[in-house]
Amino acid sequence: MSSVMPKVVIQLDEPRPKVATCSSGRTRTPVRVYRQRVDCDGSSLVRAITTWSGGCAVRRRSLVVSGAAIGLGLVGAGVVAVRGWGGPSEDRERSGAGADPAASRVLGTVQPESRAGFVVLDRGRPGGEVGRAVGALVQDVRGVGGGGIVVGFGLGASLFEGAGAPGLRQLRAMPSFAGDLLDPARSHGDLLVRVTGEDADAVRQGVESIKSKAGTHGWTVRWAIDGFRADNRVVGGRGLALNPFHFSEGFGNPESEREVADRTLVRDGQGEPAWAVGGSYQVVRVIRFATELWDKDSVEEQERIMGRRRDGRWLDGTPVGEQPNFAADPKGRQTPLDSHVRLAAPDRRNPPPLVRRSYSYDRGDGDIGIIFSCFQRDLAEGFEAVQKRLEGEALAKYVLTTGGGYFFVPPPGDAWIDALG
């Protein structure tokens with residue numbers, strides 16, 4: 001196979017077929033069609049991805065326009081999925097039947113992978129053409145692959161200093177919230193590169209390769225951290241994992257890809273630059289857990305602090321798949337008023353407009369916690385609104401945020417690189 005990087009053209013809203021028949025024999029109406037053309041060494045591959053109503057499986061078809069089919073992954077700007085094209089069932093288990101690919105191209109995958117590496121870079125030579133510096137690095141990093149890893153990018157506020165692109169409306173250095181103790185050396189940065197996958201060695205090698213490539217392009221590593229998702233699984237369409245406090249988390253995320261896209265992707269009319277539409281604001285926070293102190297409490301006390309059972313069941317007996325009515329418990333006799341889940345989302349029927357993608361970390365010497373990560377189309381309505389409500393929560397004495405930052409994950413395509421100037 002040639003080492004020349006392919007060019008990918010993604011066209012949205014292609015003409016839809018009128019109806020189709022699923023493998024189950026049921027007739028369904030198409031919702032949206034995405035068409036991708038990949039050009040490499042004179043060969044082209046066109047793949048159409050159609051999403052269908054009623055939970056039908058995603059149907060893919062590939063047409064070789066000229067030359068042989070190219071064994072490449074989906075290469076976007078915000079996300080590079082390093083995988084083969086494969087047949088109709090490829091990635092079905094993790095992506096989910098009927099998934100709308102718009103959000104997954106930005107977030108990386110529909111459901112979180114088990115391993116992750118976060119590398120935050122600074123330009124080693126400030127000034128000059130920002131777009132050219134970023135473009136050269138991104139093009140090289142897109143070549144990192146193998147082992148089924150996914151590479152994504154996030155733009156820091158400092159990257160736009162001296163850039164030709166208009167700044168993003170809400171992108172700035174992450175402020176220090178109540179109880180935070182941010183280490184400047186482990187916070188903020190010009191460019192976030194995240195590497196995720198199921199194989200720990202592949203992710204680790206990908207991270208090291210990115211660090212090496214960054215150095216050759218004049219970038220320096222500002223900070224980095226590796227994460228994992230213990231007992232990573234999908235239940236009811238949601239990606240769940242066990243955190244260092246022994247609780248399953250991820251229940252607050254939406255079940256459908258349509259709702260994931262609605263919560264995470266920037267829309268027209270938000271006052272953002274045209275090139276940013278379809279991207280997403282990402283918040284990363286490195287939160288240290290006082291596990292030794294936490295483990296001294298009884299399980300019952302821990303569950304009252306969290307507001308849920310360890311396995312996700314609600315304290316008032318509401319089934320896991322349903323949302324409790326906190327208004328029916330105004331004094332917090334069943335779910336304490338200062339519990340984490342009650343403060344974070346006081347109206348569970350109208351959840352915060354964000355999607356979490358968190359990982360646990362263990363640096364040794366008792367430095368254990370989570371790499372909190374969430375995506376949203378609006379920082380003020382998403383993460384910041386939740387974080388302000390959490391002030392004074394019972395959980396506060398057990399956690400300490402020491403680093404992280406605000407970033408913007410660009411939409412597929414290279415318009416954002418061109419806009420940087």
Side-chain angles (χ1 to χ4, degrees), residues 1-10 36-41 70 72-83 105-106 108 117-146 149-168 171 188-196 203-224 273-276 278-280 282 284 405-421:
M1 182 188 299
S2 170
S3 61
V4 177
M5 285 300 297
K7 177 182 179 182
V8 176
V9 179
I10 300 176
Q36 299 161 343
R37 187 182 77 246
V38 183
D39 299 315
C40 185
D41 288 349
I70 309 168
L72 301 168
L74 167 63
V75 184
V79 171
V80 180
V82 188
R83 294 180 176 142
R105 284 203 304 270
V106 173
F118 295 78
V119 182
V120 180
L121 307 170
D122 283 337
R123 284 178 294 150
R125 296 185 292 271
E129 295 184 3
V130 178
R132 179 173 295 180
V134 173
L137 174 64
V138 168
Q139 184 71 7
D140 203 4
V141 167
R142 282 175 175 170
V144 175
I149 66 171
V150 179
V151 180
F153 305 97
L155 317 179
S158 54
L159 185 66
F160 291 85
E161 297 173 3
L168 292 151
L171 188 61
H188 320 304
D190 289 347
L191 184 69
L192 166 69
V193 184
R194 69 183 188 278
V195 183
T196 59
V203 170
R204 189 178 305 111
Q205 292 169 11
V207 167
E208 292 307 313
S209 179
I210 287 169
K211 290 179 179 179
S212 175
K213 290 177 181 294
T216 64
H217 289 281
W219 294 72
T220 59
V221 177
R222 183 181 181 92
W223 57 276
W275 63 264
S280 184
Q282 181 179 9
V284 178
Y406 283 175
F407 302 93
F408 185 80
V409 181
D414 287 345
W416 63 279
I417 298 177
D418 297 336
L420 287 173

Looking only at heavy atoms, which two atoms of [X] and [Y] are closest? And how far apart?
X: Arg194; Y: Gln282; result: NH1-OE1, 3.8 Å
X: Glu161; Y: Arg123; result: O-NH2, 3.5 Å
X: Gly135; Y: Ile417; result: CA-CG2, 3.8 Å
X: Ala214; Y: Leu137; result: CA-CD1, 3.7 Å

Query - Test log, rule side chain to side chain contact (heavy atoms under 4.5 Å, CB included), inputs Val134 and Phe153 - result: CA-CA 11 Å; Val134 173; Phe153 305 97; over 6 Å; no
Looking at [atom1] of [X] and [atom2] of [Y], how far apart are the two atoms once the value is rounded to the nearest 0.5 Å?
X: Thr220; Y: Asp122; atom1: OG1; atom2: CG; answer: 5.0 Å
X: Asp414; Y: Trp275; atom1: CG; atom2: CH2; answer: 12.5 Å
X: Trp416; Y: Leu168; atom1: CH2; atom2: CG; answer: 11.5 Å
X: Phe407; Y: Leu159; atom1: CZ; atom2: CG; answer: 10.5 Å
X: Leu192; Y: Trp223; atom1: CG; atom2: CH2; answer: 6.5 Å
X: Thr196; Y: Ile149; atom1: OG1; atom2: CD1; answer: 8.5 Å

Report task. Without swapping roles, check the side chain of Trp219 against the backbone of Lys211 for a donor-acceptor pair under 3.5 Å. Result ->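 Judged by distance alone, no pair lies under 3.5 Å.
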Query raised in the report: Under the 3.5 angstrom rule, does the side chain of Asp190 hit a backbone N or O of Gly156 as a donor-acceptor pair?
Result: no
Query raised in the report: Hey, are the side chains of Gln139 and Arg142 touching, using non-hydrogen atoms and a 4.5 Å cut-off?
Result: yes
Query raised in the report: With side chains defined as the heavy atoms from C-beta onward, is the minimum distance between Leu121 and His217 less than 4.5 Å?
Result: no
Query raised in the report: How far apart are the C-alpha atoms of Ile210 and Val151, what are their side-chain angles, what is the distance that settles it, and do they pass the side chain to side chain contact (heavy atoms under 4.5 Å, CB included) test?
Result: CA-CA 10 Å; Ile210 287 169; Val151 180; 4.2 Å; yes
Query raised in the report: After noting the C-alpha distance and the side-chain angles of Leu420 and Phe160, does the key distance pass the side chain to side chain contact (heavy atoms under 4.5 Å, CB included) rule?
Result: CA-CA 7 Å; Leu420 287 173; Phe160 291 85; 3.8 Å; yes
Query raised in the report: Partners of Ala157 by side-chain contact (heavy atoms from CB on, under 4.5 Å), sequence neighbours excluded?
Result: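 Partners of Ala157 by the side-chain contact (heavy atoms from CB on, under 4.5 Å) criterion, ordered by chain and then number, come out as Leu171.
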Report task. Using the test side-chain hydrogen bond (donor to acceptor under 3.5 Å, both in side chains), find all partners of Lys213 that sit at least two apart in sequence or belong to another chain. Result ->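 Residues passing side-chain hydrogen bond (donor to acceptor under 3.5 Å, both in side chains) with Lys213: Asp140.
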